[in-house]
Every structure is written in C-alpha cells, then in structure tokens.
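See structure below.
Letters A, B, ... are given to chains in the order of the sequence lines, protein chains preceding strands, and every chain is numbered from 1.
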Amino acid sequence: MEYPPFMPSSSSSIHNDMHGFLRRPAQYTILPAPLPADAADEAHQHLFTDSPTQDRIAVMDACLHDLHDVPRAKEIFELLRESMRGDQLLDVRLYNHFLQAFYEMATRKESSNHAHWLEEAWILYNEMETGREGVQPTANTYAIMLRMWLRFGPDSESPVQISAAKVHDPMSLLRSMIGRAVAPALVVADRAFTTSEEATEAIKALSRAAVQMSLPSIVNELGLADSLGRQVDDPLEDVPEAIPVMKTKDLSAAVEARRNEDGTVSQFTTDEPAPRLDGDIPFNLETLRRHLGQVILARRVLSEDLVLRQRLLEESVYNVAVERLKHQAELFDQLGLPNKSLHSTDLRTWMWHWHVKLQARIEAELANLEVEERVIARLKRKGSKEDPQLSPFLKLLKPEKLSLITVLELMHLHGSGGVQDGMKTARALLAVGRAVEGEHKAEMCKKNNISVPNANPARSGDQNVFTNLGYRDLHARRVTARKYMEDSEEWTSDWSQLVRVKIGSFLVDCLMDVATVQRSIKDPRTGEKLTEEQPAFFHSYEYQRGHKLGVIKFNPAVAERMSKEPLAETLHPRHLPMLVKPKPWLSYNNGGYLYNRTWAMRFKESREQELYLRHASDAGRLELVFAGLDVLSSTPWQINRSVFDVVLKVWNSGERFAKIPPAVPDEPEPERPPNMDFDNKAKMVYLERQKSWMQTKAANHSDRCSINYKVEIARAFLGDTIYLPHNVDFRGRAYPIPPHLSHIGDDLSRGLLLFGEAKPLGARGLRWLKIHLANLAGYDKASFDERVEFVHEHLDDIYDSAERPLEGGRWWTKADDPWQCLATCIELKAALTSPEPEAYECALPVHQDGTCNGLQHYAALGGDAVGAAQVNLAAADRPSDVYTYVAKMVEDQIQRDLKEDHPFAKLLAGKISRKVVKQTVMTTVYGVTFVGARDQIERQLKDRGDVPIEQCWLAASYLAKKVLASIGDLFKGAKEIQTWLNTCARLVAKAIPQDRLVQSMTEPPPKAKRSNQPRWKKEQMTSVVWTTPLGLPIVQPYRSIKRKQVMTALQTVFISDPNIPSTVNAQKQASAFPPNFIHSLDATHMMLTALECRSQGLTFASVHDSYWTHAGSIDQMNAIIRDTFIALHSSDVLSALAQEFRERYADYKVPLVSLQGPAMKKLNLEGAAAPEDIQALKEIVSDEVEKPEEEEASLVLDAEDDLELEELEEEVKPKKRKPKKSAKSKEDVEQRLAGKFVNLVDILPALPEKGKFDVKAIKESQYFFS
Amino acid sequence: MSGHSWDTYSQMEETGILKDVESQPWDGPVPNLHFVSHLPVSVKGEQLVAQLFRCIPERSWLFQYGRVPMSIILTDYVWSRLSAPPRDSRRCKLAVISEATADVKPAIDPAELAPYADYFHPVPVVAGVHKSVSKRIGQPMHAFTAIPYEEQVIQRGDTEKWDFCLRRLFVLKNTPLKAALNSLAPGATSLMKDLTDARIPMEERVKPTKSPRDLTLADWTLLLRAFNNWPFRPEDLMITDAFKEED
DNA sequence: AGATTATCTACCGACAATATCAGTAAATATGCT
DNA sequence: GCTATATTTACTGATATAAGTAATAGATAATCC
C-alpha cells in the first residue's frame, strides 16, 4: 500500500529500524510484589523503605544542612548504616555530604576537635574505599579529601595529627581515582573547591603526585585542565544550537573524553602536547567547569545570561512577592494615611503585615521548639519510637521564607475543596509542608552553579536512536551527563507525609495566631459603624454527608477582598513555562526545570511505580521515553500577541464572553420566598437554588482566578521564546508540567500559544490552515474539500473576525473553540492578504486528531475490519462518524420497537441525535458501565428539553441498553479485547507469588489477632504491571490505601502513609486495565511520532491523540503518524503482552476460591466456545492435581483459617490421588475448586482471534488522523 | 404518599382531610389533631424526627394548627439520642432541640413493647447482630409523646442560628467552650464574656471550661442570646456545608 | 451451599473526616525483702 | 536491689456525626449462616 502523492514517505531505513526496535527481544523490569503489611521483613526494606526510616533519613539530612547538628546526623547515619535500613536511599552524595560536613566542622570549630572530625572523615572515606556499603568514591569524594589533605595534611600550614584512621596523600588518592576511572580533571574542577586558588593548589598537588608516579598522561590532563581554566569564554556562546557541539575546534579535537560502557569518564587523552600555559589570562575555576561540562555533556552548555534569567525566574518568586507586598505596604505608609479603614482594605498590605508578624513569631516559636525537642531527646531512650523532630526541618529555610511561603500558600488555596471562603485543613497543611520541602530542595539545586546541558540528546543528525548502536550511544551519553550532574548536585531526601503535615501545622498555627485584620461592619441594630481587630483566619469544621471536615476559613473581610482582586503573587516558578530549553531528562528524577527537582513520571500514591521507574531508568530501558519527552520539552513556543490583546480587553471588561465568566454574577441571587418560614417545601427549593447559585459563583470565581493566571503568565512572557517541560503520567502519556498556561489546557490557553518559529505555508499548508479553521469552527465532519469550501464561503466572517474581533460580527465566538478559531482567522487572513500567501510564514500549530483514538487502537489490535472502517482506519471518500452511525443504529432499533408499540420508542423516535450517544461512545473505551451510560444519556435528554423531565430517567435506561448493545455489535473486536484485558487483570490482581504462598502457610499467623479476613485475601499484593513497546514499565497503582488520623496543632488530619503496603483493589485493577493499556499504547504511538518528527526536523507538540505541527509540515507529519502506527501495530502488541504476563507472573498462583464468582464463570461462558472453556478450566484443575512436580499448586488452603503446613500436606496427599478417576464428576470438580491454587499463566484466557484487517491500509486513509 | 415528603401534608390539606381541624393559638389548648408515627428503622427515621422538632419554633408543618402533640415509636437508639441529658455521652443536637421545643415524655413503658417479635414487623432475620440497618431491626423500641411548649426558648426565625451553633459546637462536644467557640466565627471567643458577665446571676453563668456536651438548655439559651446580639456574627447560616463539586 | 447484602457506578490529569472514648499495651511508680 | 504489682501514659480501633441516604437505583462481587 502506498501513500498518496502529497504525503512524502520517509526513508525506509528508518522504518526498518523502528520496526526492528519494536520487535527487539523484550526486556522487562521484574520486581517482587510488595509484601503484606504484617509480613514486612528486613529483606523487604531493600526495596520498600518504611516511613520511620524515611523520617530518620530526612532528619539526618536536615541536621547536616548548614552544620545544624552534625553529631546527631552522624548518630542517625551510623544507625541506618548498621541496620541496613533504607540503604537504597543512602546515596553516595550523602556520604560525600558527610565528608564535607566533617571537613567543615574541622575548620569551623575553634575547640580541639579538629582531629576528631578529620578522623571521622578519613574513617568514612576508608569505608567508602572498601565498597562494602555499595557506594564508591566519586570525583566529589576525592576533591573533598584532597582539599582536606591540603588544608590539614602534614605538608600544610596547620598540620593535624590523625592517629585513628589511615590518611591518604595525593598519590594514594590519585591511585584510587585511576582505579575507579575518575578523571583527575573532574576532581580538580569539583564543586568542593570554592576558589580558583584552591583548585590551582589541587592541580599542583595531583600533578606532583602524577609526576612521582610517572603518569605522563595524567600530568598532561591536569595541564590541560589548567589551560582550559585560562580560556576566554567563547564568543559564539549565544549562537543557537544550529552549530552543534563544541566551540574551539582544536580543543575538541585535542580533548576527548573516553567513555566507558557505563558512561563513566575514564580519561582525557590528548594527541598533542599539553597546550602552553597562557600566563596572560589568570586561571578561573568557573571557566574550567564550563569547559569540562561541555566536554562531558558532549554538547553546548547554556549561555550564562540565559541561564541566569531562568535561574532568576525560578528562584525569585518569593523575593519578587515579598518585594511587591512590601512596596504596597510602604506606599500606604508614605501616603501617611493613619486612616485604618483605607489601610485595612488592601490585601497586599495585610499580607505584608502578617508576613512581618509571622516571621517574628516563627523565630520565637522555633527557639522554644528547639529547647523543647532537646529536652525530649535527652529524656527519650534510644530506640524508642519517636516522632521526628521538627526543628531541624524548620531550620532549613530562613524564617522570612517560611513565613512568606505560609502566607502565600494559604492565599493560593482559597476556594479549593468546595469550601466557601476557605480550604480544607488537611490540604492546607500538606501544601505548606510540601512547599517548604520544595523550596529547600530548590535551594539545594541552585546551590552549585553547574553547567546545564542544552541540546537534546536525540538531535537530528545524530545516529538513529532506533538502531542498537544509536540506542546504546544515547544511553551512554545520558549516563555520563547524569553522573556529572548528580555529582555536582546536593542530595536531598524526601519527606514523609507526616513530616509535611507537622511542618505545615506548625507554620499555619503560627500564622493563624498572629494574622489579624481590622474588620468594620455596620451594626445591624443601631446602624452604627463598628470596627474590631479580628483574626484573619479561623479554624472550623463543616459537614459533608455527615462527615466532619476540618477547614481553615478566611475572615469575611479578607474573603470579600479576595473575591474582588485575584492575586498573581501566588504563582510558583514550577508553574511557569521556561525561558531556556528544559534540562534533558537524565534520569527518572533529573530533568525539566533547571533549579527545581522534577520527576519524569507523576506517581499516584504508589511506591511501586517509583521503584519500577527507577529500576528501568537505571537499567537504561527508558532512553526513548526520555528522548521523546526531550523532544516535546524542547518545542519552542511564543505568546500570540494578537489574541492576547483581545483576551486582555475582554478580561478587563469583566464581562461574560467566549467562555470567560463574568466578574460579578450576571444572575441575581435567588430571593427568599416569603412563605419559606412556614412552608418547608418552599424552604427546600430556596435552599437548593441558593446552593447552586453559590456554586456557580464559586466556580466562576475559580475560573476567573485561573484565567487571571493565564493572562498574567502570557503577559510576563510576551515576546519571549518559551518552553514547556514535559513529564508522563503513570501510563506514559506526556503532559507539560506548567499547569496554568500550556497547549494541553483549555481553548483560551491554546489560543494564546503559537509555535516559537514560523514556517512557510506552501500550497498544501495553506489548504491545511483552512481545514484547521473549519475544524475549529465545528465543521469537521465533512470531506477536506468541503471544509476548504466552507472556509471560502465564510471568508468575510473570517476577515471580519480577524480585523475587528470585538467590534465586528464576532463570528469566531460562535465556534466550538473560539479563541483558537480567532487565532486561526488572524493567521489565515494574514496569509491570504500577503503578497504571496504560500510563502507566508506561519507559527500557528495545526492539529491532526485521531478519530476515537482508543477505538482505532482496538481495531488495529483486533484486526477488526468493521470497527476499523468506523474509525477511519480504512480509506474512504469522506470521514466516517461513529457517533452518527451509532445514533442511526439505535434509531433503527427504535423504529422496530415502534411497531410493537413500545412506549419509550414512541417517546424517543426521531430524537436520537449524534449528541445523545456521543459521550457514551467516547467513554466505552474507558469501560463505562450501564449506570454511567444511563446518566450521561439522561443528561443529554434533559438538555434537549423535548422529553418530559420525569420520564428522562427511564427513557435513558431504555436507550442506554440499546446504545451499549449497538457499540458492542459495531466494535466486536474491541469488546473482545476489552474483556480479555479485564480478565487478565482480574486474575493478576488475585494472584499470589509462589514463595509467599509457601511462606505464609508455613509461618504461624502473626500474633493471633482476630482477623476476619482470610489469609489469601491479605496476600493479594500483585498489581498489573506491563511494559510498553517503548520500554516503559507501567504499574497500576490501585490499592486499598489505609489512612490514619495524625495529631497536629490544629486538629487531627486523615492521611495515608504511602510506605505501608496494602492489598490491591482487584476490581479497580481489572476495570482500569483496558483503558490504561490502550493509553499506554497511544502514548507509545505519540512518542514514536515525536521522535520521528524530530529526526525529520519537524516541530511537534501533542495533546495525547491530537498531534500538532506547522501547517506546511502536516503532510509530512501525516506520513509519520501512519508509519509509526503501522510500526507499532505490526509488532503484535497483544501477543507480546500475553507473553510478558507469562514471564512476569510465571510463578504466581491464583486461589480458586477467588474464581468462583459469577463474573468469572460468565466470562468463560460468554466466549465463543463457552462450554469448552469451562471444560478447559476443569481439565486444568485436574491437570494441576495430577502433576507431581506442581506441588504447591495443589496445596489446600482453607479459606477461613491459616492451616499449619503439616496439616496441609496430610490433607493434600489423599486428595491428590483420588480425583484421577472421578475427575469427570461435577461435584468433585466443584469441591476441588474450593480452596486450591492454580498457576496464573495456565488459566490466562486465549487471545481473541485477530481479524482480517491489515493495518497498512491506513496509508490510504486520509481521515485516519485529520 | 410518604410521611417524609412535605408535599404529602399540603396534599392532605388540599384534599380536605384536615378540614375539621381547628387551629388553636400557640398559647391556647392543644388542637384536635394528634400526629402519630412509627419511625422507619433507618437513617430516614432519624432525619424525620429531627426535622419535625425543628418545625416547632417556626410553627411550620402541622404546627400551623397550634401545639399539635406528636406520638412517635422509635428505636432505642434514636430515643437515647433524643432524650440524652447534659453530660450524657450521647447528648447531641437533636437532644437539645427536643428539650428546647417540647415536653417529651415516654408514652408506653418500654417493657410493654418487648419482646420485639411480638409487636413489630419486620422481624429480624436472625437474632444475631448483622450490620448497620439490619442490626437495628429487632432492637428494643420506645414510644414517646411530645407536646410543644407554649413558651419557646427558640424564637421564631432563630432556628437557623440554633442549628448553626449547635452543629458547629457539637463537633467539639468535649472541648472547653472557650476553645470551641473559636470555630463559630472569627473573634467568637469574645462571646465568652457575655456568658460570664458579672451582671448575670452567679448560678446562671457559664464557665469557660464547660464543654458543649455539658451545657444545659439554659446555658444554650444564654449562648444563643449572646450570639444573636453579637454584631459580628456570621451571615450565611444556611449554606455552611462544603459542597463536593461534580464535573 | 445459596441467598443476602454491601459496593460500585468512565481513564488520566489536580488528592485525602475527625473528635472522642474505650480498651489495651507499654512505661513508670510503688512496694517488698 | 529487684522484681511484682499498681498506676499512669501512649496507642489503637470503634463509633458518632448530619440529615431530604450529594442530583439518582441496578448490577455484581463479597459475605453470612
């Protein structure tokens, strides 16, 4: 099959490579399932840390910070290392941090303790040298130790005698470096050295050592480092990326970093003699670092001033915010108005005063707390259970920052959680705690001025990443960069929920205590004006269906003020686009923002997800995921100035317009009916109305706040090229991280964004621009030619919209997506009125959307020709519209019912529009059930208004059955696959690993606590895990999380501890698996497309199943979309999944008791060969029993009690032989069904048979994506 | 026609069933109408009885006719909540409202209503305890008669305020008033001085350490008077619950 | 073994009940030789 | 001095809360004898 002529087909080598990649031998990340909560053992600690350990690590980390309490840190450190707990969290950077802290203690303390701390340092270093604890010295380690030797060694000015530990001289250190392939040049450039003088000293010392050891290459390398430090900065620095890699040609030739397979940099070699030392330019450490950074990262590092701007952006919010508040307050002071009422009406002034007072309060309270905790620490025994200390955490940030964070976070949470003029306490406390944690981490990220890599690792012109070689190269480069970056960053630990809440409550409690406002009201009786100083916040409770809900509320005076002026101060840098290309993803938690720790995946409350990601990342299986994210992250954007101007006008008018809600409600508040005092019914109706009015008001306000953010961000970045760093959700779908303004947002956000670069339209591009406009206007069901025609017919409207968006006929506002429509009108008009329309350079993204993308994937998976035709996988003259088709199917059935005088048929005949069924069809992919479908249809019927309200519900019931049945008929293939996926997931979720099975039977039940849950239920810890064709492991997070109340200063809050393992929620695992799996596929398709677009030089962006590029590139992208889709589905995805399940769950057993449910039977009955399936199941059972090697499969486990192993065996043996003969007896089979186990892989149902549809046919389908 | 639906009563009036009921002034005799109900053993039953009592001060519902007596059969559980005196651990909003509005007296000796199976339907599935609703089936039953007081401490139109204060304060039912008051409104602690005012007779003052559960009806009355007189008292007392938003 | 009864109810993206009390386990004080 | 017992304290789990079961009630997996 061939593409139409206008679609350029890409080079076939790429296709082969991609196909090859997708068929590569599978590499799964397989990890044990978490152990049940009551069986957690020490070995388990290896993978899953518990919260107390996490807390201890965090306290230790905090104590180390600024040498807050090094002895205590050391104490915890030793405890942790001894107990081997959480050692996967004990990073080498932490060891280095300790070395550094010991060094600083030695230099700082006046007392005679020098020797003590130095000894500690050398002891620790020696321990690291042995490698016993799984950490090895890094460049940073050597640098610290070298520095220590220089400062306190025997040759130094102030030698300190160390007797208790072996001390290493530079020669010894150098020997170790070479042994570990750590480049001495990196050591001397390490962040441990703070001045150029120190670095020079280090270079000299190491050079001397090298000379003594007769290592000319090292001498050379160090000489080179010295000369690099004397280079002038590159004048070409600001030239954009087009010139790749390095600047000074001779240097790049001269210096070559030799990388090992694992990415470590082993040695710098040089063919030429070391460059002559240039005496004119003094050695500069920073310069050396930058140069080395380029060599290591094999790419240009960002220019200093751009980085500076981004850095400023990321770090200064709090500073900017504080300045603004202060300025406002000063303004009022300067006006010299002692007038309190004026004073009290300004929000920023209030905030400033709270901030000032809170700062002082925090300082005082913290001092108290420290004393208190010291006393407690002294009283408490070691080893006794203790709450983590708070003061070390609170010492991490300055009081003024703590204070500001608290104020801003609380203001930011206004109206969240459905609370009027307030917020949920639990959320507020967590938010504040998290903000403090985040700010501290950001400070740590910023602490070291490290070079930041710029260019994308998967740059066009690089080796093809789908080939083995290309992939390996990509991996090697990423590992190198990661090592370099990580070694230069501070290590920070994660805080537990408990710590976050406690920190939050400490701060919020302080704030609520100090923050006051002057509140003035008119006395309702006397009419006299009363003013009183009142707390600005108060703590209260509300009820929600009889459940208490702790809330923090604003004083009405504050609330009133807030409803009028939206605050932009609360914007956080993590919420903004970036000014530079985001840092490429170097590992699962390193990439994106430069100075904030960002994760490559958004996790649910599931440590398992994190664990799998880390393992896959470390194993180098995520290269293409990272590369794909890098492509998306490096797409440049700009603000659409013309649209922005219009938005601003509308915004400032405060009126309702094009989905922007009005500033003041345009509906009056419902009036109190006069009879409500004695008429309960009237009262109820009134309350209902009042409530919904309030809700609308609150929704409008929150909408306006969100729009305000968007407008403010757009304003701030006018004229800039901006970037949106991306990460993925747990299924692998990509999202931009900035939540407010991004192309994934609403119509307004999309309308405000343009690609950063414009590209000429060309003839085809102009056509696509028109089609795009028709699509946005809602005219997207017609053929392309008709859509173009539609635009030609509306040219007047379009021109009018572009020229006079507000004053004219406002045609664009009636579009489905008004703001994007406006943007397109403007572009189209500009193009058409330009002298040469086809040469017009256009930056507007043009979309190609998959029609029911989920169903497309299902159809491709099942080779389902009927379904395929419905969702445009097969070529057709005009796009096929599923919704219309399903509506027609339903209507036909109604006509049939009509003959039988069905009452609802009469009522509904002729009323089944596309819209009625649309949502239901769309959501079938997500596994919508009858109830859900009925509700959707009911809403639609009510919307129509021609069905009596009271009949809507029953009518919807009637319709929902028909709609679901029609969809099932139409997409048979999809349905079968859905069922298959669902069944597999259900089985997996009920499965128990073999070793657990034996173990849990062997060991007596822990502490005969009356458990009403059968043991096998508690052992169900297996989540559904699979690997996408791109290599991303996906872990479904659904478990029954247990939450507990924890005490805080304000109230108890109900939070969960994500570190406590809990059983899986089998139902959710099963019902969510089909959609999640399909989404993991569409994510893969998108990533493949992104990578291919990049390698062909196209700009690319996506919203899941909507792919964007320049109008002129659409044809090319369309070819790529189809290529990647074909490549993906040619690799027999489902068989691969089945195979993965067979391997991943090879030794998992399913208790037969859990297969007794009607669903299981029904599922088997529903299949094409129902009786055979049942028979097969029975056969399997008897097989199991007969196979002698399958011992554990026939273990009897009583559902109620935990039986001792001996009992088991005794019971099992006679049974084992007996059934041979009576296997056919139904009763016998059923009896044996109860209380036994089968191998999961043996009962996985067979894949549905694949249909005849050949996915290559999409090459000829114009409307596949359109 | 369900006793839970307000419509039911207005429809009864429309059909004229209640035509021969003579309205009596509030301070007059009890009207010739007597409301009798067997509360469903479910959440609805509790809801209903609470609503009915709250109609008394507003003189809405059947109380338009005057101080209509109500005789109600209900489960032991609801009865204990409705009749819990101060300091009782089951003291709750419902108990205060019923105490404030009507003279509530047991109508039948509970012993007469036992054993359950002899008098009531449905019989419990098994004698053993099940869960939630079904566990309550088979509980001992109570019957009471409530006659609204002529003198209402809850003034007409003030039910909302009582409702509000009771609801908010019973959250912290065993917390000293001086701390609990805070959750009423910003600055509400200032109400404390009204409760301990020197002009109030010593025995009527409310100690700041007293908790909502321990407050007598007189204490509540004093508190609500103070609340009513407080110029800074919150406005919207009706819409106070958090709403969970949909779509 | 079979009816009864709690639990859902569309995926992801932004989360989340709480005060109080009774009973128990652990820690401390008291008692005893 | 040291263990046995009494008393206090800390911890855990259960329960009530509000109130037109949020606007809605049918299928289904789980649970009881």
Side-chain angles (χ1 to χ4, degrees), chain A residues 381 384-385 416-417 424-427 430-431 497 541-550 602 604-605 680-681 684 687-688 691-692 729-731 733 735 739 744 854 919-920 922-936 938-939 952-953 956-957 1012 1017 1041 1043-1045 1051-1056 1066-1068 1071-1079 1083 1104 1154 1156-1160 1162 1230 1234, chain B residues 4-6 42-44 46-51 54 81 89-90 92-94 125-126 128 130-134 163 167 170-175 213 241-246:
Chain A
R381 293 270 176 86
S384 74
K385 213 158 118 187
S416 65
K424 296 182 182 176
T425 311
R427 198 167 155 192
L430 265 177
Q497 293 286 80
Y541 299 88
E542 295 191 342
Y543 277 99
Q544 184 164 272
R545 269 192 69 198
H547 283 314
K548 294 190 184 91
L549 187 68
R602 303 162 188 226
K604 291 284 198 180
E605 227 176 70
N680 287 314
K681 173 89 183 191
M684 229 173 74
L687 278 177
E688 196 81 354
K691 205 170 166 183
S692 104
D729 70 12
F730 75 87
R731 289 105 31 100
R733 278 188 154 193
Y735 301 78
I744 216 168
Q919 197 186 10
T920 307
M922 272 185 354
T923 52
T924 39
V925 193
Y926 307 137
V928 77
T929 57
F930 169 73
V931 179
R934 185 193 54 202
D935 289 354
Q936 295 165 359
E938 186 191 7
R939 248 182 315 231
C952 274
W953 194 78
S957 257
N1012 37 9
K1017 198 128 212 215
I1041 41 164
R1043 286 182 299 181
K1044 283 199 294 200
Q1045 289 177 257
Q1051 58 169 77
T1052 69
V1053 289
F1054 201 47
I1055 53 172
S1056 65
Q1067 194 169 336
K1068 198 85 208 299
S1071 73
F1073 181 46
N1076 283 341
F1077 179 71
I1078 294 298
H1079 283 156
H1104 307 321
S1154 60
Q1156 293 281 52
M1160 250 26 225
K1162 200 173 152 200
E1230 273 175 2
Chain B
H4 293 281
S5 168
W6 299 122
S42 71
V43 212
K44 287 217 162 193
E46 282 180 63
Q47 268 174 38
L48 183 64
V49 75
Q51 299 232 28
R54 275 188 304 181
R81 276 164 33 76
S89 73
R90 283 168 296 190
C92 62
K93 211 173 120 219
L94 175 59
V125 205
V126 202
H130 270 276
K131 277 180 191 165
S132 70
V133 180
S134 52
D163 226 36
R167 181 152 24 92
F170 263 108
V171 172
L172 300 161
K173 62 169 148 181
N174 202 25
T175 302
R213 191 182 59 185
D241 288 355
F243 37 69
K244 252 205 241 160
E245 68 255 52
E246 337 124 38

Side chain of [X] - closest among [options]:
X       : options                : result
A/Q1051 : C/dC12, C/dA19, C/dA10 : C/dA19
A/V931  : C/dT9, C/dT20, C/dA17  : C/dT9
A/K691  : D/dA23, C/dC11, C/dA10 : D/dA23
A/T1052 : C/dA19, C/dT20, C/dA10 : C/dA19
A/A1072 : C/dC11, D/dA23, D/dG26 : C/dC11
A/Y735  : C/dA19, C/dG13, C/dC11 : C/dG13
A/R427  : C/dC12, D/dA19, C/dA16 : C/dA16
B/Q47   : D/dT21, D/dA23, C/dC11 : D/dT21
A/Q1067 : C/dT18, C/dG13, C/dC8  : C/dC8
A/D729  : C/dT20, C/dA17, C/dG13 : C/dG13

5'-most contact on DNA chain C: A/V928 or A/E605, nearest heavy atom basis?
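Per heavy-atom nearest nucleotide, the more 5' residue is A/V928.
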5'-most contact on DNA chain C: B/R213 or A/K604, nearest heavy atom basis?
A/K604
Dot-bracket encoding of pairs in DNA chain C, which uses [ ] for pseudoknotted crossings and | for another strand, Watson-Crick or G-U under 3.5 angstrom:
.||||||||.......||||||||||||||||.
Looking only at side-chain N and O atoms, does [X] come under 4.0 Å of OP1 or OP2 in [N]?
X       : N      : answer
A/K548  : D/dA18 : no
A/Y541  : C/dA19 : yes
A/K1068 : C/dA10 : no
A/R1043 : C/dT18 : no
B/S89   : C/dC21 : no

Verify whether one side chain among A/S1056 and A/Q497 offers a donor that lies under 3.5 Å from an acceptor in the other.
no
On the side chain of A/Q1045, is there an atom forming a donor-acceptor pair with the base of C/dA19 - under 3.5 Å, no angle test?
yes
For a quick check of understanding: with a heavy-atom distance under 4.0 Å over all strands, which category does [X] fall into, base, sugar-phosphate or nothing?
X       : answer
A/I1078 : nothing
A/S416  : nothing
A/F730  : sugar-phosphate
B/W6    : base
A/I1055 : nothing
A/V925  : nothing
A/T923  : base

What does D/dT21 pair with, Watson-Crick or G-U, if both distances are under 3.5 Å?
none
Measuring only the [atom1] atom in each nucleotide, how far is [N] from [M]? A whole number of Å is fine.
N      : M      : atom1 : result
C/dG13 : D/dT24 : P     : 30 Å
C/dA1  : D/dC32 : C1'   : 12 Å
C/dC12 : D/dA19 : C1'   : 34 Å
D/dT21 : C/dA16 : C1'   : 22 Å
D/dA27 : D/dA23 : P     : 24 Å
D/dA4  : C/dC32 : P     : 14 Å
C/dA29 : D/dC2  : C1'   : 14 Å

Round to the nearest Å and state the distance from [X] atom [atom1] to [N] atom [atom2].
X       : N      : atom1 : atom2 : value
A/K1044 : C/dT18 : NZ    : P     : 16 Å
A/Q544  : C/dC15 : CD    : C1'   : 13 Å
A/N680  : D/dA19 : CG    : P     : 14 Å
A/L687  : D/dA19 : CG    : P     : 11 Å
A/F1073 : C/dC12 : CZ    : P     : 14 Å
A/Q936  : C/dT9  : CD    : P     : 13 Å
A/R733  : C/dA14 : CZ    : P     : 14 Å
A/R939  : C/dA10 : CZ    : C1'   : 11 Å

Looking only at non-hydrogen atoms, find the nearest pair between A/V925 and A/G854 and report the distance.
CG1-CA, 3.8 Å
Of the non-hydrogen atoms in A/G550 and A/Y541, which two are nearest, and what is the gap between them?
CA-CD2, 3.7 Å
With DNA chain D as reference, determine whether B/K173 or B/K44 sits nearer its 5' end, using the nearest nucleotide of each.
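Nearest nucleotide further toward 5': that of B/K173.
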For A/A1066 and for A/K681, locate the closest nucleotide of DNA chain D by heavy-atom distance; then report the residue assigned to the nucleotide nearer the 5' terminus.
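Comparing both residues, the 5'-ward one is A/K681.
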Test ring pair (Phe, Tyr, Trp, His ring centres under 6.0 Å) applied to A/H1079 and A/F730, step by step:
CA-CA 10 Å; A/H1079 283 156; A/F730 75 87; 9.9 Å; no
Does the side chain of [X] reach to within under 4.5 Å of the side chain of [Y], using non-hydrogen atoms?
X      : Y      : result
A/L549 : A/Y543 : no
B/K93  : B/R54  : yes
A/K424 : A/S416 : no

List for me each residue that meets ring-ring contact (aromatic ring centres under 6.0 Å, His included) alongside A/F1054, sequence neighbours excluded, and say none if there are none.
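For A/F1054 there are no ring-ring contact (aromatic ring centres under 6.0 Å, His included) partners, ignoring immediate neighbours.
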Approximate separation, where rounding is to 0.5 Å, of B/C92 SG and B/R213 CZ:
12.0 Å
When rounded to the nearest 0.5 angstrom, what is the spacing between CD1 in A/I1041 and CD1 in A/I1055?
11.5 Å
Below 4.0 angstrom, N of the basic side chain to O of the carboxylate: do A/K604 and A/D729 qualify?
no
